[in-house]
Every structure is written in C-alpha cells, then in structure tokens.
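Accompanying notes for the structure given below.
In this text, all values refer to a predicted model and were calculated from it rather than measured experimentally. Side-chain atoms are counted along with the backbone in the values below, which use heavy atoms only and exclude waters and symmetry mates.
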Amino acid sequence: MGKKLFVLLVVLMSLSLIGIIFVQSFFINNSLKNEEQNFNLSVKRALSFVSRDIEDFELRKYISMIRPWVNQKKEPDSTIIKRLYITAEDDINDETIVHRNTVLEERFRVPSLFFEIDADSIDVSQRSSERVTQVFSSSGSEIGSSVEPKQTLVEISSLSKIDKQSYEESFKDLLKRIPIYKRVTTEQVKALLERELESEGVNLDFEFAIYDDDLATAVKTIDFKKNPESTIGIKVFLDNNDESNYRLYVDFPERKKYLLSSILWMILLSVLFTGIIILAYSSAIYQLIKQRQISQIKTDFINNMTHEFKTPIATINLALDSIRNPKIIDDKDKVMRYLKMIKDENKRMHAQVENVLRISKLEKNELNISKERLKLHDLIEDAVTHIELIVEDRKGYVKTHLNAAKSSVLANESHFTNVIVNILDNAVKYSDDAPKIDIYTENIGNNIILKIADQGNGMSKQVAKRVFEKFYREHTGNVHNVKGHGLGLAYVKRIVDDHQGYITVESEKGKGSTFIIRLPLIS
C-alpha cells in the first residue's frame, strides 16, 4: 500500500468516525429537545385543565350557595317578560305559521355575605323559556282574530345554560375583589395538579405558586423558586375579557434528570456502540500502521539479512589472509589462533541465522535457557575476541576496564556472549571513523554493572527510547550505509530480561552511546 493511499484511507476512516459521533450527538440532542417539548406541552395541558377546574369549582361553590336561597322564595322580587314573534307564509299549503318565544326573567335579592364583599345584597336572575308555534289557515281572518289555530305546539324549558353563563360572567367581575387565598387553597391546587399531571404521564415531584402580577401570593408551596428557564405558567381566574393578573406557576426540581432518564437507554446504547466503533477503529488503525511498518521492514529484512554475515565473514577473510602470509604460516601458534577465530565466526554465522527463531521462541516462552555460574569478565574477554580483528583493521581499539571485584553471575554462556557481541558489533557499525570502545565493570550493592561505551554516531532521545523494539531501526532517509534487520538489540533485551537483569542506553547524537547492563551477583 502506497503512503498516499494509506494516509487517504486513515483520513477517510477518521472523518467517517467523527461523522458518526456527530450524528449520534445530534440525534441525542434532538431527542432530548423533543422530550422537553413534549414534557412542556403535557405540563401546559395539565395546567390549563387545573385552571378550568379551579374556576369551575369556584362557580359551582357559589351557585350551590345561591340555589337554596332562590328556591326557597316563592315569589321573585321582580319579573321581566320578553316576547319574540316570527310569522311565515306558506303559499303552497295556504297557511300562516306564527312562532312566539316568551322569556321569563325572575330576579331575587340575595345577601352579599356569600361573597364576602362590602354590599348589603346582590341581585340574582333566573330565566325560563316558553316556545309556542301556531298554524293558521290563510283563508281565515287576520292574525290576532278569534280564529282558532289549526295546530298549536307548546315547549317550556329552563335556560340553565344561559343562567350558568350569566352567573359565570357576573361572578367573574364580582369575585375580582376577593383575595386569592379565600378563593382557592394550596391543598386544592396541589390535589388538582397531582391528578392532572398524573393523567398526562408526568409522575414527578413539583413545586407551585400563584402570582399576582410579579408578587407571590399565599397560595404556594414552601420550596417554590421561580426559574425563568424551567418554570411553566398559565393564567388563572380569567375575567370576561380573558385577562387576569393571576398566574399559576409550576416548577420541577428534578426536571433535567427526568428528561435524561427518558432517553437514558438511547444514550447508553449510543455510547456503547460508539465506544465499540472507536475501539474497533483504533485497533484497525493500529493494525494498519503495524502492517505497514512490517511491510516496509520486510523489504529491508530480505535485502539486508545477508549483510548480518558481513562481520564474521570479514573476520574469516582477514584470518585467512593472515594465514596465507608467509611470515605467519610457519608460526603455528598464530595459525591456530586464526583457525580458532574462523571456527568461532562460523559458529556466530550460524547463530545469526538462528537469531530470528530465537526472538520468536523467546516471545512465545518456548526457548529454554539453561544457566550456570559464570564469570562475567570471562564472557567479556571472549566477546572481545570476536571483533578485535575488525577493530584493529579500522585502526580502532577496544579497551577493558574490569574494576568489579566480584563478577560471578548465573548466566547462559552462549546467549550472554552473543549479547555482548551484538552491542560491540553495533558500536563498530555505527562508528564512521575508527571505532573506539571502552568496557567497564563495577559492583554496586549485590549487582554488577557492565558499561559498553563507544564514540560513534550516537542517536537521538526518541531513537534511544525505541532501540530495543523488535525490527526497529533508525530512519536515515535514503542512506543505507548500515545494514541490519533490527533484531540484534531486541534479542539483547530479551536475553537480559531472562537473566533478571536490566539494560538501558544513554546516547547523544554525534557523541556516541553507552549501553548499561545490571545483573544480580551470586555468592
């Protein structure tokens, strides 16, 4: 996968994820707003019913007080009769139809004590209606003569609706003067609110108050606080012009929790599924990056694998050239020394081939490393012999400063020798000039400290943090003067860890590096 395609894929996936999160947030926000609107509508509907019930209750109360007084009086204080005549001519049937509607209004004087106002008495009207329809023959005398009608229909009824409307209109004007706390009580309003809110499906604690303009009246709950953002109000005790100074306000302290709880399942599912998507996305991006890194490393690994043999092959060539030298071929000791080097480097090449398998087995905990009591100084001297010819050929040096009084450790001879060789080999590789290497040991407490310092190219702090990672190699642009598959130091760290040791590196670009290994001593 090309770099541009990879970046484009990551950008598109990121934008898609952001879009999904945005859509989820927008949907939840809209759902919350809809719930709030429905809640407000339900509350306002309940308040309108409460307002109607309060007024109906008050009207029924005073009508029930007046009715007995009116009914017990046989004769009204005054009577008014109104008649309406309607005449129609039916030419087809040769008839005249006369409709008469008579309205009887009786007035009674009632004591004002029912209304608690400053007046001796008030007048209450009661109406009834008599409707008469007569049919006359047009061939007879004029209307009003002694001619008998052909048909007469009489209907008598009380005007209860008109009475009620009249009472209501009169009471609205009359009751304006009565204080609000005498017209309705806190308990009545609370009971009505509980009933109507429950019928609207709002089962939530509330506080309420009736205000006269901007002042609270005595009809209220103790903990009511008017909140411009959440308090809902409606006019009560409307006059004949549908105006009123009184407003009934209701507030819900747990309003936000109630609204959130109504869509809580939606929020939880959205968070859960969004979290799963984010987790899957992060995992996918991580895997893509890792796969891309491995893909990039694979080419280097294939091309550079053989270059790991460069150091032992170079040592073998130098040893063979030395043996062919007429001055040395007759020197048996030197010949044997070079032959031993050739054998050791051959073994090392075999070890390099096995390096990849070792790392894999170490990660799977399949590599059983047997350990025995060894002198760390002996392992250091043995490792130095593997690179000293190359160092001498490049006009460099390897100096040992073995100052530790105790160097006995529990280690595997082959693996730990490879650890030291790998570090020394890196010091040679990453030195553009003649390699200059110093090896130090010292005792600190029950540990022995091994320091391998070079004066080579060094590395940045970012590289130093990742230098022990598997397959990691410092990016050098298009410069490939140093070959390797990035397994050497990863192998070093795994072996040191397996020996209950600890390895770190201190480095500065252009000033070399120092690898520090701490191992526990054995007595």
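In this structure the side chain of N317 reaches within 4.5 angstrom of the side chain of I313, judged on heavy atoms. Contact annotation: the side chain of R394 approaches that of V428 to within less than 4.5 Å [non-hydrogen atoms, C-beta and beyond]. Using a 4.5 Å cut-off on side-chain heavy atoms (C-beta onward), I516 and I503 make no contact. In this structure, the side chains of V189 and I210 come closer than 4.5 Å at one or more pairs of heavy atoms. Looking at heavy atoms from C-beta onward, L248 lies in side-chain contact with V50 at the 4.5 angstrom threshold. Proximity of I439 to K451: side-chain heavy atoms (C-beta onward) are nowhere separated by under 4.5 Å. Residues T514 and S507 form no side-chain contact, since every pair of their non-hydrogen atoms from C-beta on lies 4.5 Å or further apart. Residues L450 and I420 meet the side-chain proximity criterion, which asks for heavy atoms closer than 4.5 Å.
S513 and Y430 share no side-chain donor-acceptor pair at under 3.5 Å. Between the side chains of H377 and T441, at least one donor-acceptor pair of N or O atoms lies under 3.5 Å. With hydrogens and angles left out, the side-chain atoms of H401 and D438 include a donor and acceptor closer than 3.5 Å. Of the N and O atoms on the side chains of Q24 and T274, not one donor lies less than 3.5 Å from an acceptor on the other residue. Looking at S230 and D251, their side chains do bring a donor and an acceptor atom within 3.5 Å of each other.
Applying the side chain to side chain contact (heavy atoms under 4.5 Å, CB included) rule to L320 yields the partners I316, I342; only residues at least two apart in sequence or on another chain are considered. Applying the salt bridge (charged side-chain N to carboxylate O under 4.0 Å, His left out) criterion to K511, with sequence neighbours excluded, gives E508. Scored by the salt bridge (charged side-chain N to carboxylate O under 4.0 Å, His left out) test, K235 finds E243 as partners (sequence neighbours excluded). Residues satisfying the side chain to side chain donor-acceptor pair (under 3.5 Å) criterion with K371, sequence neighbours excluded, are D498. Legend: residues meeting side chain to side chain contact (heavy atoms under 4.5 Å, CB included) with N443, ordered by chain and number and at least two apart, are A404, A405, K406, I448, L521. By the salt bridge (charged side-chain N to carboxylate O under 4.0 Å, His left out) test, R337 is found to be paired with E388, residues two or more places apart in sequence or in another chain being considered. For I267, the side chain to side chain contact (heavy atoms under 4.5 Å, CB included) criterion is met by I28, L260, I263, V271, not counting sequence neighbours. The salt bridge (charged side-chain N to carboxylate O under 4.0 Å, His left out) test applied to E196 returns no partner, not counting sequence neighbours. In this structure, the side chain to side chain contact (heavy atoms under 4.5 Å, CB included) partners of L264, at least two apart in sequence or on a different chain, are L268.
Distance CD1/I517 to CD1/I452: 5.5 Å, rounded to 0.5 Å. In this structure, CG on L389 lies 7.0 Å from OG on S322, to the nearest 0.5 angstrom. Rounding to the nearest 0.5 Å gives a distance of 11.0 Å between OG of S16 and CD1 of I21. Rounding to the nearest 0.5 Å gives a distance of 9.0 Å between CG of D454 and CG of N426. Taken to the nearest 0.5 Å, the CG atom of L318 stands 9.5 Å off from the CE atom of M341. Rounded to the nearest 0.5 Å, atoms CD1 (I180) and CZ (F237) are 4.0 Å apart.
Counted within 6.0 Å of CG on N29, heavy atoms from surrounding residues, nucleotides or ligands total more than 12; the atom is thus considered enclosed. Around atom CD1 of I222, no more than 12 heavy atoms belonging to other residues, nucleotides or ligands sit under 6.0 Å away. Other residues, nucleotides and ligands place no more than 12 heavy atoms under 6.0 Å from the CG atom of D433. The local environment of CZ in F27 is sparse, with at most 12 non-hydrogen atoms from other residues, nucleotides or ligands closer than 6.0 Å. Heavy atoms from other residues, nucleotides or ligands lying under 6.0 Å from CD of E198 number 12 at most. Counted within 6.0 Å of CG on D205, heavy atoms from surrounding residues, nucleotides or ligands total 12 or fewer; the atom is thus considered open. Other residues, nucleotides and ligands contribute over 12 non-hydrogen atoms within 6.0 Å of the OH atom of Y281.
Listed by first and then second residue, the salt bridge (Lys or Arg N to Asp or Glu O under 4.0 Å) pairs involving residues 30-39 are E36-R255 (not counting sequence neighbours). The salt bridge (Lys or Arg N to Asp or Glu O under 4.0 Å) contacts involving residues 513-523 comprise nothing, where partners must be two or more places apart or lie in separate chains. Counting only residues at least two apart or on different chains, the side chain to side chain donor-acceptor pair (under 3.5 Å) pairs with a member in residues 213-225 are E207-T221.
Remark: side-chain polar atoms of H386 are not paired, donor with acceptor, to backbone N or O of T417 under 3.5 angstrom. A donor-acceptor pair is defined here as one N or O able to donate and one able to accept, closer than 3.5 Å; no such pair exists between the side chain of T315 and the backbone of I387. Proximity of a side-chain donor or acceptor of N457 to a complementary backbone N or O of G510 within less than 3.5 Å is not detected. The backbone N or O of H415 lies less than 3.5 Å from a partner atom in the side chain of N412, making a donor-acceptor pair. Remark: side-chain polar atoms of R45 are not paired, donor with acceptor, to backbone N or O of N40 under 3.5 angstrom. Looking only at distances, no side-chain donor or acceptor of S431 sits under 3.5 Å from a matching main-chain atom of A434. Judged by distance alone, with hydrogens and angles left aside, the side-chain atoms of S51 form no donor-acceptor pair with the main-chain N or O of L47 at under 3.5 Å.
Taking the six-membered ring where the residue is Trp, F22 and F26 present parallel rings, their angle staying beneath 30° rather than reaching 60°.
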Exercise for review: For K399 and I437, run side-chain contact (heavy atoms from CB on, under 4.5 Å): C-alpha distance rounded to whole Å, both residues' side-chain angles, the deciding distance at 0.1 Å, then the answer.
Suggested key: CA-CA 6 Å; K399 295 181 180 179; I437 305 170; over 6 Å; no
Practice item. Show your reasoning for whether salt bridge (Lys or Arg N to Asp or Glu O under 4.0 Å) applies to E254 and K257. Key: CA-CA 5 Å; E254 302 295 326; K257 290 183 180 178; 3.8 Å; yes
Point to revise | Residues F416, L519; criterion side-chain contact (heavy atoms from CB on, under 4.5 Å); working and verdict | key: CA-CA 11 Å; F416 212 85; L519 290 173; 3.2 Å; yes
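Just one residue in the list F39, F224, Y258 forms a ring-ring contact (aromatic ring centres under 6.0 Å, His included) with F252, and that residue is F39.
Electrostatic pairing of R494 and D497 does not count as a salt bridge here, judged by no charged N lying under 4.0 Å from a carboxylate O. Taking a cutoff of 4.0 Å between a charged side-chain nitrogen and a carboxylate oxygen, D331 and K327 do not qualify as a salt bridge. Classification of R195 and D53 as a salt-bridged pair holds, one side-chain N sitting under 4.0 Å from a carboxylate O.
Closest approach of V505 and A464 over heavy atoms only: CG1-O, 3.8 Å.
For the pair K226 and Y211, the cation sits on the ring face: its NZ or CZ lies under 6.0 Å from the ring centre, inside 45° of the axis.
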